[in-house]
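For reference, the structure is listed below as structure tokens.
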Protein chains: 2
Amino acid sequence: MGQRRVEVVRAAIELLDEVGLDGLTMRLLAARLGVRASALYRHYPSKQALLDAMVAHLATPPAAAPPPPEGPWDERLRHVATGVREVMLAHRDGARLMAGFQDPGGAAVAAFHDLVAALGADGLTTEAAVVAVDTVLAFVNGYTFEEQARKAAVPRDRRDRDFHAGLELIIGGVHASLP
Amino acid sequence: MGQRRVEVVRAAIELLDEVGLDGLTMRLLAARLGVRASALYRHYPSKQALLDAMVAHLATPPAAAPPPPEGPWDERLRHVATGVREVMLAHRDGARLMAGFQDPGGAAVAAFHDLVAALGADGLTTEAAVVAVDTVLAFVNGYTFEEQARKAAVPRDRRDRDFHAGLELIIGGVHASLP
DNA sequence: TGTACACGTGAACGTTGTTCACCTCGGACG
DNA sequence: CGTCCGAGGTGAACAACGTTCACGTGTACA
């Protein structure tokens, strides 16, 4: 049925990498699909809906998912944080795209609650787990957004080191706040 | 000379609070000034330049500045973090506006270096100070952006508590990383 | 055979940022 | 006094954008 829908969103992501978020135009995307712009509105009611679908598509791990991460809570936090950053950096303007999404997909909230629950089953109070996850995610979003917007000149390995240093600072803070 | 420039930027900020960043249009701003849109280009070469000027204007503390903060490094970090968040929350779409600025004004980098230097004069190595400041600012940006974009329903005092909890987590992490 | 339905067309609409040639007016200067 | 100049504003236009709407077309299924 909605088979064309995923072709559209895939083409949109390809185009994003070539022209950036500001260059991503309904007309241009339509041209890449050999179609007129008005045809896109058969599949998505608005450009914002298309952008949301792109976010959902990027945030959904491939069917051949990596093994579900087991391990202590700090390992888990590290895994999620680097994963989110990786997803954002994988595409041009990825951070800006994901920061602008309008409808937080149900999958995202589910993943959030799963992570909090996992941390809760590993010694942290629910309260502490929520704060830790919220803080790490805010840091990842803020850092990666800035990184992609204004640090194209800084070499990648330096940005990686700074990111991990910040992440370890937060994880150390969680450790220090335990009973 | 450039007296009209600041009138324009002031009117733009007022208008921002009324119509939001998406509603902020050159024509609408011109109308508020009793002028046609093309006249605005006498003062700013592009809309982006105007937006940058708004950011610079908002980030510049009023002439009657509060007393320069003295105290230990953690107190200083708290002060800066809450101050930045306050500035962003003071205007509609403030976080989005300040996240989109193109030219990081020289005043901003100066403030950054001053803060790092201050922390350095208080027991932290320069390396640790840079990481701490970077991490706190990334957190503040990420948290406040999300807060303003999608948490209008959550009461203010709850958002304040969550913010401070995250901030204390990071400051605790800095403490734990000291020799 | 007929009829849904998915998909696409083409032309238009209103709005946006921006440019350009031109106008106006107040003050400095010879 | 006349003249020039620069700051500021006008009005019309341009290309591009997201979006809408009435209308076509082919394919699969009853």
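Each chain gets a letter, A, B and so on, in the order the sequences are listed, and its residues count up from 1.
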- Nearest-Å distance, CG (B/L50) to C1' (C/dG17)? 12 Å
- Give a yes/no answer on whether the side chain of A/H43 brings an N or O atom under 4.0 Å of OP1 or OP2 in C/dA6. no
- A/L40 CG to C/dA6 C1', straight-line distance once rounded to whole Å: 15 Å
- Note on the structure: Contacts of B/F163 meeting ring pair (Phe, Tyr, Trp, His ring centres under 6.0 Å) (sequence neighbours excluded), chain-then-number -> B/F139, B/Y143
For residues 28-39 of chain A, which side-chain N or O atoms pair as donor and acceptor with protein atoms under 3.5 Å away, sequence neighbours left out?
{"residue": "A/R32", "atom": "NH1", "partner": "A/E14", "partner atom": "OE1", "Å": "2.9"}
{"residue": "A/R32", "atom": "NH2", "partner": "A/E18", "partner atom": "OE1", "Å": "2.8"}
{"residue": "A/R32", "atom": "NH2", "partner": "A/E18", "partner atom": "OE2", "Å": "3.0"}

- Between D/dA7 atom P and B/Y44 atom OH, what is the distance in whole Å? 15 Å
- Going by the side chain to side chain donor-acceptor pair (under 3.5 Å) test, which pairs reach into residues 164-174 of chain A, not counting sequence neighbours? A/R78-A/E168
Just list the side-chain donor-acceptor pairs under 3.5 Å for residues 119-133 of chain B, sequence neighbours left out, or say none.
{"residue": "B/D122", "atom": "OD2", "partner": "B/W73", "partner atom": "N", "Å": "2.7"}
{"residue": "B/T125", "atom": "OG1", "partner": "B/A128", "partner atom": "N", "Å": "3.0"}

- Task: Figure out the CG/P separation between A/L33 and C/dC7, and round it to whole Å.
- Result: 13 Å
- Item | Counterpart residues, salt bridge (charged side-chain N to carboxylate O under 4.0 Å, His left out), relative to B/R158 (two or more places apart) | B/D162
- Message: Could you tell me how far apart B/Q3 (CD) and D/dA7 (C1') are, to the nearest whole angstrom?
- Response: 12 Å
- Lys NZ or Arg CZ of A/R5 over A/Y44 ring: under 6.0 Å, within 45°: yes
- Query: Under 4.0 Å: is that the gap between some side-chain N or O of A/R36 and OP1 or OP2 of C/dG8?
  - Reply: no
- How does protein contact run along nucleotides 18-29 of chain D, one letter per nucleotide 5' to 3', with B for base contact, S for sugar-phosphate only, - for none, heavy atoms under 4.0 Å? BBBBB-------
